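In what follows, residues are counted from 1 in the order of the sequence shown. The structure displayed is predicted, hence computed values, not measured ones.
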Amino acid sequence: MAMWGASSADAVAAFRARVAAAAADAETPYAVRRTARGFELTVDVHSRPPQTHTYRVELRPEERVFTLTDVVRVRDRFQRSVSVGRNVYVVTAVRPDGSGRYRFSSADGHRLIRGVAGELGWREEKPAVLRAARVAGVIGAVVALGTLVALAVVFLGRA
């Protein structure tokens, strides 16, 4: 369990409460759940196969920094999967009760959380998963470039 001072705990409570209020006003039926390091904003996405999208928000109140990570759980008859990182997608389907069309955009939840954070003076830090992916991408690019240079030297050396 995270231990914060009184003012830090107040800042965390204010952030969570403002997100809960904004979520209550949204068309999408979000649920806010407190966690040891912040909170989660969750919504059941009515798609085929059904899935649950959780916006995991971890807070460092002393620095006024938050990390936003998407956790998408897909439930199929034959398998279940979990995707963690940054997921941006749109689902359009018929509502489960048949009362019309349903639209879910994961970007709406991102905007909701970032909007509240901006109003309260918090700044976002990318999650470790995204930072690691960026490092892996840079290493892959360097290896690919090195391979191309080596091939050019070999083939131009034969000419």
side-chain contact (heavy atoms from CB on, under 4.5 Å) partners for Ala107, two or more places apart: Val88, Ser105, Arg111
Val116 versus Ala22, closest heavy-atom pair with distance: CG2-CB, 4.3 Å
Value rounded to 0.5 Å, distance of CH2 in Trp122 from CZ in Arg64: 5.5 Å
Val74: partners by side-chain contact (heavy atoms from CB on, under 4.5 Å), with sequence neighbours left out: Pro49, Gln51, Val72, Ser81
With Arg114 via side chain to side chain donor-acceptor pair (under 3.5 Å) - residues at least two apart: Glu124
Val12 vs Phe39 side-chain heavy atoms within contact, under 4.5 Å: no
Neighbour count above 12 (heavy atom, 6.0 Å) for Arg80 CZ: no
With Thr54 via side chain to side chain donor-acceptor pair (under 3.5 Å) - residues at least two apart: Thr42
Atom pair CZ/CD1 of Arg56 and Ile113 - distance to nearest 0.5 Å: 12.0 Å
Residues which pass side-chain contact (heavy atoms from CB on, under 4.5 Å) with Arg101, listed by chain and number, not counting sequence neighbours: Thr92, Val94
Sequence-distant partners of Asp44, side-chain contact (heavy atoms from CB on, under 4.5 Å), two or more places apart: Thr52
With Arg33 via side chain to side chain donor-acceptor pair (under 3.5 Å) - residues at least two apart: Glu40
Any pair counted as side-chain hydrogen bond (donor to acceptor under 3.5 Å, both in side chains), so long as it reaches residues 17-30, sequence neighbours left out: Arg18-Glu119
Arg123 CZ to Arg60 CZ distance, which is reported to the nearest 0.5 Å: 7.0 Å
Which atom of Val32 lies closest to which atom of Ala23, heavy atoms considered: CG2-CB, 4.5 Å
ring-ring contact (aromatic ring centres under 6.0 Å, His included) against Phe66, all qualifying residues, sequence neighbours excluded: Phe15
ILVMFWY cluster, Val57 and Val65 together (side-chain gap under 4.5 Å): no
Parallel, tilted or perpendicular, as decided by the 30° and 60° cut-offs, for the rings of His110 and Tyr55: perpendicular
Atom pair CG/NE2 of Asp108 and His53 - distance to nearest 0.5 Å: 10.5 Å
Tyr89 with Val43, same ILVMFWY side-chain cluster at under 4.5 Å: yes
